Amino acid sequence: MSKRVRVRFAPSPTGGLHLGGVRTVLYNYLFAKKHGGDFLVRIEDTDQSRYVPGAEEYIFDTLKWCGLEPDESVQHGGKAGPYRQSERKDKYREYAEQLVKDGYAYYAFDTPGELEKMRQDLKTEHHSSSQYDHTIRMKMKNSLTLAEGETEKLLAAGTKHVIRIKMPEQETVSFTDMIRGEVSFETSLVDDKVLLKADGMPTYHLAVVVDDHLMEISHAFRGEEWLPSAPVHILLWKYLFGLENMPQWAHFPLILGPTGKLSKRDGAKYGFPVFAMNWTDPKTGELTEGFKEKGFLPEAFINLLALLGWNDGTEQELFSKEELVEKFSMERVHSAGAKFDYEKAKWFNHEWIKKSGVQGLRFEVRSLLTKNGITVGDDNLLDNVIELVKDRCTLLPDFIQQSSFFFKTPETWDTESVKPKWNQDKKNFFVAYAEKMQSAGEWNVAALESSFKELAVEKNIKPGELQLPLRIMLVGGKFGPPVFHIAELLGKEESVRRINLSLPLLGI
RNA sequence: GGCCCGUUCGUCUAAGGGUUAGGACACCACCCUUUCACGGUGGUGAUACGAGUUCGAAUCUCGUACGGGCUACCA
């Protein structure tokens, strides 16, 4: 069994991609790369009523931002296409009919109204299940119950119908999940799932099996929410292509919000993003914020996602994509769901900002500042500023407050922080210090600091009491890196100018 | 309700029969710093419960409780 590793991410384009989705992509990608295999993306758009314009493009934009590009997809091409199920529509019917022919499925002509009635009746009977299963299928209108020749007649007349799988009455279906080990189900408890819908499109159950076969998928990974329908897929593999050709399965643990499976609502309610990037619902115009726009680095995003349900067994927590590819293993993926913790997510981002070199941050910081009306100029100053302030930035937008004042003279000064302790002596000090700066030969942190302290001693004022006023004059507020570092980068002219500009505002 | 999956500090997790049950986030204290952070040191804090197997169980088995998922002509 040395089949080439081929895995797939199979989203349905119905909206933004959330944390769980991206993590599924990530684990697929890591597994494929680790084993030198292929990672494909297949668009599962068999439900036309749920089609959302822009959603497919959004998925690819997200993968690109994350650096998890597929080897084969609608956008990347490949030999196993088309990669959009709606374009593969004609492939599915023959498999469904083959199943009918072999006695593993049947035609069903029940109308939605009849199904509804069946469910109502069963409910009032206070039976446990309201499923279309072996206990009731002989009471419904299908090719199992119709008189000889009746089915053919209906079919020939073009009657709306679906094809349902005929679940065995007494069988135990089991398979080995790479994460959970052996999992088994009693077929008598599973309903006769629809395989082919009345509109001729396959349901997920048929499509996933047929396409995984046609695309030669070796390992099928998906979220835990699919576990209950696995027996249907196992049976389909057995009937159609043989169990020996079936991919190996792994069902990933769910990513949980404060209450249950993480949802878009959780994000809005608790104030953290759940989508990878901003998503605007084309129908309602509602915007859901993304990690990207919130100020996360893709490296951090991937890192935090990888650790939500997996670890390498050591105490290492910071991994680059390359390290993840090297160290990832399905055996170390957890079976229990993981609750998402936004505080920890921010910690990852902070670590990655600190870890990142200036060149990796330059573009983002520049565009952020520009967007906020700051003219940045050449890379030289920008690079120095980034190097100086990045340790105090958790999210990218933190760079705005931490560095705007390097490029733009403050418009307002927080004089209230200084005024209560302000006096004539201090004012004299700054007049003198500005003059001293003006004539300074050396312009660096050490020189600035020592001349500041010397002058303070000379004027008999504690240097500590003068630092906050200096900061306010240069920065405008109580923030930013150490003052002398600020003055150094600001340069002589600008530093002196800001002192002279703000000094009168303090009065006396 | 039925079926399936799961259960170690508040959160993410390590420890696959023998450890004072380790680390990280968050929190608290102290140090550094008379901006705010970063950083450093220390601290609070967990094996859901009950049986069993075993000389020995967080680790294996069973039961209970709790949590989650699924139960559509949606994926």
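Every chain is numbered from 1 and lettered A, B, ... according to where its sequence line falls, protein lines coming before strand lines. Every value quoted in this text rests on a predicted model; they were computed, and no experiment measured them. Any value given below was found using the heavy atoms of this structure, including those in side chains, with hydrogens, waters and symmetry copies removed.
- Every pair passing side-chain hydrogen bond (donor to acceptor under 3.5 Å, both in side chains) that includes a residue from residues 462-475 of chain A is listed here, sequence neighbours excluded: A/Lys426-A/Glu465.
- For the pair A/Lys197 (side chain) and A/Thr46 (backbone), a donor-acceptor distance under 3.5 Å is present.
- Here B/C38 is in the syn range [glycosidic angle within 90° of 0].
- In terms of the ring-ring contact (aromatic ring centres under 6.0 Å, His included) criterion, A/Phe185 has no residue partners (sequence neighbours excluded).
- In this structure, A/Phe291 has its ring center no closer than 6.0 Å to that of A/Phe275.
- Put simply, the side chain of A/Ser73 never gets that close to the backbone of A/Pro70: no donor and acceptor are under 3.5 Å apart.
- Counting atom types as modelled, A/Lys193 pairs no side-chain N or O with a base atom of B/A72 as donor and acceptor under 3.5 Å.
- Among the heavy atoms of the strands, none lies under 4.0 Å from A/Asp398.
- Between A/Trp310 and A/Phe328, the two ring planes are tilted [angle within 30° to 60°].
- Backbone-only engagement by A/His334 is indicated by non-hydrogen atom pairs under 4.0 Å involving sugar-phosphate atoms exclusively.
- For B/G69, the OP1/OP2 oxygens have no side-chain nitrogen or oxygen of A/Arg222 closer than 4.0 Å.
- Remark: A/Asn311 is not in phosphate contact with B/C12, judged by side-chain N or O atoms under 4.0 Å from OP1 or OP2.
- Contacts between residues 412-420 of chain A and RNA chain B, defined by a heavy-atom separation under 4.0 Å, are absent.
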